[in-house]
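We name chains A, B, ... by the order of the sequence lines, and we start the count at 1 in each one.
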Amino acid sequence: MDFELSDDEAALAEAMRRMCQSRFPLERVRAGEGRRVVDADQWRALAEAGVFSLRLAEDDGGAGLGTAHAAVVFEELGRALVPGPLVATHVAARIVKGAGTGEQLVGLVHRPPMGRVLPVVVADLASLGAVLVVDEQGVHQLPPEALEAEPIDHGLDPLTPLWRLATIPEGAVVADAGTARELWRDHLVLSAALLVGMASAVAELATEYAKQRRQFDRPIGSFQAVKHLCADMLVRAETARASVHAAAVTIDQPDVGDALRAGAGAALLASDAAVANAKACIQVHGGMGFTWEVPAHLYLMRAALVSRGLGRAQRLAEVVAERL
Amino acid sequence: MDFELSDDEAALAEAMRRMCQSRFPLERVRAGEGRRVVDADQWRALAEAGVFSLRLAEDDGGAGLGTAHAAVVFEELGRALVPGPLVATHVAARIVKGAGTGEQLVGLVHRPPMGRVLPVVVADLASLGAVLVVDEQGVHQLPPEALEAEPIDHGLDPLTPLWRLATIPEGAVVADAGTARELWRDHLVLSAALLVGMASAVAELATEYAKQRRQFDRPIGSFQAVKHLCADMLVRAETARASVHAAAVTIDQPDVGDALRAGAGAALLASDAAVANAKACIQVHGGMGFTWEVPAHLYLMRAALVSRGLGRAQRLAEVVAERL
Amino acid sequence: MDLRYSEAEETFRAGLRAWLTDTIPTLGAAPSPHDWPARRAYDTAWQRMLYDAGYAGIDWPAEVGGRGASPVEQLVYLEELERAHAPYVGVNFVGLLHAGPTIVVEGTPEQRERFLPGILKGDAVWCQGFSEPDAGSDLAALRTRAVRDGDDYVVSGSKIWTSHAEVADYCELLVRTSDEGPKQRGITWLAMPMDAPGIDIRPLRTIAGSNEFAELFLDGVRVPVANRVGEENDGWRVTMVTLSFERGTAFVGELLQSMELVGELRALARRTGAWEDAAVRAQVGRLGAELDALWGLARRNVSQAARTDVPGVGGSVFKLAFSELRQRLAQLGQDLLGAAGLSWGELEADDGSGPLGNARLLDVWINSFSRTIAAGTSQIQRNIIAERILGLPKG
Amino acid sequence: MDLRYSEAEETFRAGLRAWLTDTIPTLGAAPSPHDWPARRAYDTAWQRMLYDAGYAGIDWPAEVGGRGASPVEQLVYLEELERAHAPYVGVNFVGLLHAGPTIVVEGTPEQRERFLPGILKGDAVWCQGFSEPDAGSDLAALRTRAVRDGDDYVVSGSKIWTSHAEVADYCELLVRTSDEGPKQRGITWLAMPMDAPGIDIRPLRTIAGSNEFAELFLDGVRVPVANRVGEENDGWRVTMVTLSFERGTAFVGELLQSMELVGELRALARRTGAWEDAAVRAQVGRLGAELDALWGLARRNVSQAARTDVPGVGGSVFKLAFSELRQRLAQLGQDLLGAAGLSWGELEADDGSGPLGNARLLDVWINSFSRTIAAGTSQIQRNIIAERILGLPKG
């Protein structure tokens, strides 16, 4: 038992962080505001870094790595606010040809119950080559043209274009119900990894600001009220990170636990951590936190977007409760 | 509209506080630890002060005062941790002969659903002259001997003896369903008043300690972490107080609002305030808060006892939700 | 304790309600929040209507042209305006609620004559130049400097968080006129004409995507000494005095609007089926109970102000509790909206039952984050409560 | 990251599990918590059994008679003991986990020889004399004084929060030997024999009604200089060094026990029907998810200790999160018990389905309040995290 990052996990995380720093510095990510399509060069860079293929077998063009490796990679992507259908394309790579190589961008949708009132939303539709619909029967694949969709003018996350789906046709069944459950579970865990990256990024942002910003002739970080806000941010991020890593390892090593319980728990805690930390980051920044300039809000909006894709917190908690 | 205490409400509160200070100083209240019966002299003093009769008409031996008056009185009784079936006897005074004068002590029980698992508990059974059972049919009166009851050896609140009821016979119907609802509503509001008194008492206890206790060469109350614990205690107590007073006035002036919504809300907030403040009071006292000597725990136990008598918080919140 | 309104109060309410019933339908559509000139025109036209009907400066003394209403009448006024969905005070905010009251108490007769009627009639719009990039919670650290030159002060520096700067006629400005003694001492209060040369206004984009605030850059702006309210270096006291005008009614409009919001959340939960979930009902019920309690606290604070004519200590308690509650309320709205919460544009329900109300709930959510920061952060409010109400020692 | 145990670790686990399976049933009933001599006898007999089986001092180096287990083996040890419901370390706590490790690192060869075997075999019980009435969170402010007199120190003062004082043979005592320099400087670490004249032990009643703690009043107690561990005035460093013995396993037993508790709460909710309520299920699920996460954090901390041989920064993070979680867990237990939570005595269910488990849940609830205070309050933990991990400036 060694729950620290292995040397190659640490090296992969480090490489991914460097790649994000050079390819996705915050000013470049922010420059994508208002875009309706995913930047092809950026996507190619992600594919070349193995983001979509790393869990595929080497014979299938992948790196044959585990979910633990994927988790540390997605944590870095979350930290850097990298846009696009990252998790969906990654989990679809085992099904959709060209997803692993970056030729196809893929969307993932959980089929909602009939007679619903609230809309179903999908990101980056204009860039997608396929949409996978997950339901109790299994996984259905649809060409994006088959979906009746309407663009959302002004989405919450300024860096992610959204479409609202009017109808979701049946589509071809491409995998069974067991695979559908695995896809959804992996989607939970890797989305949670993105969220943990965000939770950490805003904790650091707030801590740095608390060291620099002076009021009453002292750094505000010397006031316990601010200090404790920052400490609580770290606790939330580290707790969520442990839960995401445990869930990822449990997918790779099924006999150490229940991967769905771990995945639902990780999704619950990482959503909470990312949203709560982004709010706390705004609070630590005071008025500046309410400005467009400080990126705290970009993390808040992205965290809201990603966590909304995991279903209601109440439901995730019930999944854990049922499997305790 | 004048939601401050009227002169006679303020005078009544002041008189009640003085009475509690002389009749129920904390040392004397604490000396009752382990008692199985209510002290007759103390009960007489309460009756003489009008605690049980103040809302009865003057013709019925009462003072003809309103629920607002009763609320300020019960707040003082809560603050002083006065023991005994105070609220039950007060609300029963309109039904049970001798309750208002202090000759009869009364218990109040909400009839539980059939086939239950969790026990029904009643306080001070050995001292009671009557038990009122409230259900959907109305109010039933029973002599305590009619109840099959078993003493609880060691109750949570060291100042309140408890019995567990095995069976609750039907008993004589003494009032209709409407009266039953009123009794329960008044029981909620006056119990909430007791709880607000406790919430304030522990807020003051913690604040005083934070001023006196020194660590790191400063009063601990000069540390923001402690300061903010105390500030939050005050906010909880004052918010709950406003809600209890509003509920009491709404009983007296039915056209200003929905008294049951107000009562359920007051019970919810006052329970939370009393329990959360008692916990915070222990925390502010540090290790001393965990000693028998510091009375924080007596407030915690009494708050737990009284709030348990109001039903589950979840249910109180639902009552409010249904009546918004 | 009495929650019934007196006959006089009910008469006041009835008159106001009748006037609102007649007047509100005559108003045009509210302008886009991004169109400042249209907002000024709309808000000041509404102010003029209030003025003509005798409701301008509801809490201002009659001798300066106000209504001279009691605190309770002021509460009734806010209740009725909220009930009628009347326009918000908007660009008149600083004039009516801050600069005007300051001039009422601290201005000379000439200054009152010169500045107050314009505020009441909607002819003059004011903005506020208090905070600076390095003087936020620590306002007294402000560094914008004014140097006396003949009959003028020459002002240089920068201000931040200024609302309606683009359309304001005057700015209530705090400047540093001395570095001697405690930093609170060397501050002076000026009424700066916004058309003076040397003022550069730069909009500040917020996380809501709006330009609700601006930064002001002041470079040698000349402000006549006649525009100074109070003595030189006495501006801190002058500003604090304004707070004594507060009668427990701050945030009451928003509180009442929040109660309406809870009703909307309940309706939304019923439409989506979430109401079947006991946990959702309990969350809504708890928020409702807390709002009821804060409405009680607001009426208590107003009653105290009515009796004593000084603001109760309850203001910080109310502000802290309400701003935190508002955030939870806004978050519940987002939780109930699911994916619909991701769109700023209004969406229709998938079952054909009409608009979901998501645009407004999203707006409430975004703006809720400023609630625990603006007008004193929650951390500062807790300090105030601990030190001024509970008497705990300064840190 | 690897959550599978190695073959060696699994072998260690299998051996331990087999031994526990054989041994636990042979134990007598646990004594009353109020009977100190019986508790000593029970706990030390268990320690002797561990010793004889080679499991005493699981984390102590082999050269002083310990098992010399790796941090991961220590984790397995704690897992298996919890799984088997083995006795808690009890009166051996201070000796095995605090005083002993201090002597291992800082004691002379003679001191190791003299003190350590007794701890491992359960022959010697230790208690702790660190905190004082005026030195709690601020431990370095301690004032119990020791004055050198020939080959002895003469000690006077008082100590508080001393567990098992009534049955201890030794007390690890911090005393002030100098007032010069920073207050941390003049502190000395002594092993005080509890049978020395001048020690008055007064039980301290807790809110749980127990006498788990005592106050020690010391009046001219003579402690041989030979019992001093480390140099005179170097006791603060000596004490801090002990912390480096911590390998991320503190509170792991309680964490595992909390996971079992969640299962009990689920069973209780199913019996009472509360499980029908989605809100209750969600509360239980959330607590379960948080415990799973903390179990991950514990394994991370242990892995870090295994790699680096120094305690990770995760200890304060874990302690803060776990103690707050434990309080919420305990409160949920009370909420689910309804009126049954009001009785310290075990109650039977009204439907004849047997005991409700209320006595244990009440005990958990009461004791949960000490969790956020003992071993560093939550406030102190947040300071540590902010200052030592995040590098925020001291207040």
* **Side chains of D/Thr372 and B/Gln283, donor plus acceptor under 3.5 Å** => yes
* Asked: Judged by modelled atom types alone, do B/Lys279 and D/Gln327 share a side-chain donor-acceptor pair under 3.5 Å?
  -> no
* chain B contact via D/Ala340 - which portion, at a heavy-atom distance below 4.5 Å -> both
* Structure fact -> CZ (D/Phe369) and NE2 (B/His285) are apart, to the nearest 0.5 Å, by 15.5 Å
* Heavy atoms of other groups near D/Phe93 CZ, more than 12 under 6.0 Å -> no
* What is the distance from atom NE2 of B/His297 to atom CZ of D/Arg205, rounded to the nearest 0.5 Å? -> 7.5 Å
* **Side chain proximity check, B/Thr291 to D/Thr206, heavy atoms < 4.5 angstrom** => no
* Interface residue of largest heavy-atom contact number with chain B, from D/Val280, D/Ile366, D/Asn383, D/Ile160, under 4.5 Å -> D/Ile366
* Given that the side chain runs from C-beta out, which part of D/Gln331 has a heavy atom under 4.5 Å from chain B: side chain, backbone, both or neither? -> side chain
* To do: Let me know if B/Ile220 has heavy atoms under 4.5 Å from chain D in its side chain, its backbone, both or neither.
  => neither
* May I ask you to check whether over 12 heavy atoms, not counting those of B/Glu33, lie within 6.0 Å of atom CD? => yes
* For the candidates D/Asp277, D/Leu204, D/Asn358, D/Thr377, which exhibits the highest count of non-hydrogen atom pairs separated by less than 4.5 Å from chain B? -> D/Asp277
* Short question: side chain of B/Arg308, backbone of D/Gly338 - any donor-acceptor pair under 3.5 Å? -> yes
* Taking all non-hydrogen atoms of both residues, which atom of D/Leu356 and which atom of B/Pro119 are closest, and how far apart? -> CD1-CD, 3.7 Å
* To do: Measure the CH2-CG distance between D/Trp344 and B/Asp153 for me, rounded to the nearest 0.5 Å.
  => 13.5 Å
* **Engaged part of B/Arg312 at the chain D interface, taking heavy atoms whose separation is under 4.5 Å** => side chain
* Asked: What residue, out of B/Leu300, B/Val120, B/Val275, B/Asp157, has the most heavy-atom pairs lying under 4.5 Å from chain D?
  -> B/Leu300
* Could B/Arg164 and D/Asp350 be called an ion pair, given the rule that one side-chain N must be under 4.0 Å from one carboxylate O? -> yes
* Donor-acceptor contact present, side-chain D/Asp138 to main-chain B/Phe216, <3.5 Å -> yes
* To do: Output yes when a side-chain donor or acceptor of B/Gln215 lies under 3.5 Å from a complementary backbone atom of D/Asp134, and no otherwise.
  => yes
* Could you tell me the separation between the CG atom of B/Leu118 and the CZ atom of D/Arg271, rounded to the nearest 0.5 Å? => 8.5 Å
* Asked: Is there a side-chain contact between D/Asn211 and B/Trp292 (heavy atoms, below 4.5 Å)?
  -> no
* Flag side-chain contact, heavy atom, 4.5 Å: D/Lys183 against B/Asp217 -> yes
* With a 4.5 angstrom heavy-atom cut-off, could you sort out which part of D/Ala135 is near chain B: side chain, backbone, both or neither? => backbone
* Asked: Using a cut-off of under 4.5 Å for heavy-atom pairs, which of B/Glu150, B/Arg214, B/Met288 has the most such pairs with chain D?
  -> B/Met288
* Spatial distance of atom OG (D/Ser343) from atom CG (B/Leu162) [nearest 0.5 Å] -> 8.0 Å
* **Point-to-point distance, once rounded to the nearest 0.5 Å, from CD1 of B/Ile282 to CD1 of D/Ile373** => 7.0 Å
* Quick one: what part of D/Leu342 sits under 4.5 Å from any heavy atom of chain B, side chain, backbone, both or neither? -> both
